[in-house]
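Each remark here refers to the structure printed beneath this line.
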Protein chains: 2
Amino acid sequence: MANIKDIAEKAGVSVTTVSRVINNHPYVSEDKRNRVLKAMEALEYTRNIHAVHLSKGCSNMIGIVLPTVNLPYFAELIAGIADAAAESGIHLSLFQTNYDVQKEIFALSQLKQRQVDGLIFCSKAIADEKLMEWEGPILLCQNSDISRFPTISIPHQEAFRYGLDYLIAKGHKKIAICLARKKGMNSHFRIKAYKEALEEIGEVFREGWVMEKAITINDGKALFHKWKKWEEKPTAIFVANDQVSAGLLLEARAHKVKVPKELAILSVDNHEISQALGITTIDIQTKEMGKQAFAMLKKRIQGQSNERKVLDYRLIERSTV
Amino acid sequence: MANIKDIAEKAGVSVTTVSRVINNHPYVSEDKRNRVLKAMEALEYTRNIHAVHLSKGCSNMIGIVLPTVNLPYFAELIAGIADAAAESGIHLSLFQTNYDVQKEIFALSQLKQRQVDGLIFCSKAIADEKLMEWEGPILLCQNSDISRFPTISIPHQEAFRYGLDYLIAKGHKKIAICLARKKGMNSHFRIKAYKEALEEIGEVFREGWVMEKAITINDGKALFHKWKKWEEKPTAIFVANDQVSAGLLLEARAHKVKVPKELAILSVDNHEISQALGITTIDIQTKEMGKQAFAMLKKRIQGQSNERKVLDYRLIERSTV
DNA sequence: CTGAAAGCGCTTACAG
DNA sequence: CTGAAAGCGCTTACAG
């Protein structure tokens, strides 16, 4: 494999000049530029990117940390990040963690070793205090108490409250909620909103009506059967993700339970499946979040100070409430 | 940032020894090992991975080339690759191409520059002949005439034929098919199987009954309306992907068309949504394919010769045929 | 078990 | 516009 020195020799110039040509620097005479170009062609030169990285001290790559890509929410987030990254010519490295703290720490160690220039945490299991021990450009796709990191997020408390008020306005008082997992900032804020809303309408808070570990269509089906068995039934369930809502709705239909008459379903995401099934949901612009997350991390890598962005949401009325 | 030289000085040993300690080589005395370890701790040493890559000539990372991550088929494939890669401690780089040949070429150029040690093409737009101009470890998740590359694939012709025979056995003769895109090896073989099956039962081949550009749930909905408008209607549609089948089925139900009585639907994938909707489909082990693809590429990178694997498939009878 | 030294291949401040 | 030289930080064959 020819290297920059071979090219220099062949073209009769210095390696500096070759480097200038490769990087499109000005101040190279046409004559030398052409000779270099010709030599590169003749020797089938390909730049060794590792040497560039070592020399420049950066990798032109950022890491995406997420539990699994195999879930529409995260897939959409990645797609948004990928689009923006491609425009900037930045590479993407994937860290699938399955909410395993050790794997998140692995990703952080990769940042430290410069494998990547920055990290986007799409969702995390690691505690804020632990995360704070790490340095480098890290962006969180969720609200956080750590002001050291830029964040982009949905105002989950507000949005959830908005959804709850919508259900209440539609006459519901017995409302259950279903989250992906109780841990995590997003759920924290959602539960808070839930409690507040219940208090205002004089309903008691039932621990059992806060369900979790629901992510897939099958989880939604299971949710239906849980609901079916309850003595006292909520008239509405506010579900934090479209996949689960879809499973819930499909299973309800299969068992001739009328939606929304016997059971109302309000969802979050507005991904394709909710549209296909006519599920009333709250659009949270997942892809847009990915795009902006990338832009913010990029700025952070370039040394700008932390931003905190909050995205908008909106209710999409369809037929399940 | 402390480097290996700083550690060597502080510990009073050579850089060679430090390197040995870092890489867990044998033949280092306990005493020196401890001194090095202590020095590393004291100076908060982090290895610069770029130097390692430059020195070793590899990146410990492979690239995944696919049109979009935001589609269950590809997301599942990635998940499989990611699981296997994590076990081997290999990083994953994502190249989202949107079937843009230029972006595929970009990925290939990254392989050449050693940004990645190998490439998995989950699906491609670039022509075989063009691809052949590139060197390095490249694995294709599809059948190919190029014997220079290892491949892993489903026997699409056979599997499609199997599905068609199943439809025929169920009494269908007017069968349409719907593919993701007509270009590409997979479709090539499927259309071939389709023509053969039609010929055997004495049906004519209708160009218009081979539909394409169908990937999403919405595409499936559109497909229904196409079907609805046809004068002469097929009694069954064989759809190459679960998302499209789901859209087709949902829209059929919404318009009170009885499935399978008025319209039978046979699908391919066996992803969660087909299970949720009770769609009869052909399981093609997407995730397993990802796992094995990684293992094969890894072997190829290590210098072993090309393998060609063919995965099994099986029909999952549910309620749409 | 240990180390001096060559090698991986590029970038860039500096001097001209 | 141009080049010599230092620097990025590691690995590894070789000699001992």
Q) Under 3.5 Å, is there a donor-acceptor pair between the A:His50 and B:Ser59 side chains? A) no
(Q) What I want to find out is whether B:Arg33 reaches B:Glu30 closely enough, with some N-O distance under 4.0 Å, to be called a salt bridge. (A) yes
Q: Write down the distance between CG (A:Asn34) and P (D:dC1), rounded to a whole number of angstrom.
A: 14 Å
Q: From the options D:dC14, C:dG7, D:dA4, select the nucleotide whose nearest atom is closest to the side chain of B:Arg20.
A: D:dC14
Q: For A:Ser29, report the nucleic acid contact type (base, sugar-phosphate, nothing); a contact means any heavy atom under 4.0 Å.
A: sugar-phosphate
(Q) Rounded to whole Å, how long is the line connecting atom CD1 of A:Ile7 with atom C1' of C:dC10? (A) 13 Å
Q: Take B:Val13 and B:Arg114, find for each the nucleotide of DNA chain C with the closest heavy atom, and name the residue whose nucleotide sits nearer the 5' end.
A: B:Val13
Q. Closer to the 5' end of DNA chain C via nearest nucleotide, is it B:Leu54 or B:Arg33?
A. B:Arg33
Q. Does B:Lys32 have a side-chain nitrogen or oxygen under 4.0 Å from the phosphate oxygens OP1 or OP2 of C:dT2?
A. yes
Q: Please state whether the phosphate of C:dG3, meaning OP1 or OP2, lies under 4.0 angstrom from any side-chain nitrogen or oxygen of B:Tyr27.
A: no
Q) What's the closest nucleotide to the A:Asn3 side chain, out of C:dC10, C:dA5, D:dG3? A) C:dC10
Q) In the strands shown, is C:dA13 matched to any nucleotide by a Watson-Crick or G-U wobble pair with both distances under 3.5 Å, and which? A) none
Q | Nearest-angstrom distance from the residue atom CD1 of A:Ile4 to P of C:dC8 | A | 14 Å
**Q.** B:His53 NE2 to C:dG7 P, straight-line distance once rounded to whole Å
**A.** 23 Å
Q: Considering just the side-chain nitrogens and oxygens of A:Asn23, establish if one lies under 4.0 Å of OP1 or OP2 belonging to C:dT11.
A: yes
**Q.** OP1 or OP2 of D:dT11 under 4.0 Å from side-chain N/O of B:Ser19
**A.** yes
(Q) Considering every strand and a 4.0 Å limit on heavy-atom distances, what is the contact class for B:Thr17: base, sugar-phosphate, or nothing? (A) sugar-phosphate
Q: Starting from P on C:dT11, measure out to CZ on A:Arg47 and report it in whole angstrom.
A: 7 Å
Q.
Once rounded to the nearest 0.5 Å, what's the spacing between atom OH of A:Tyr73 and atom SG of A:Cys141?
A. 6.5 Å
Q.
How many whole angstroms separate atom NE2 of B:His50 from atom P of D:dC8?
A. 15 Å
Q: Give the rounded distance in Å between these two atoms: CD of B:Gln115 and C1' of C:dG9.
A: 15 Å
Q: Compare the minimum distances between each of D:dT2, D:dT12, C:dC8 and the side chain of B:Ser55, then state the nucleotide with the smallest one.
A: C:dC8
Q: Measure from CD1 on A:Ile22 to P on C:dT12 and round the result to the nearest Å.
A: 12 Å
Q | OG1 on B:Thr17 to NE2 on B:His25, rounded to 0.5 Å | A | 11.5 Å
(Q) Between A:Ile49 and B:His53, is there a side-chain heavy-atom distance shorter than 4.5 Å? (A) no
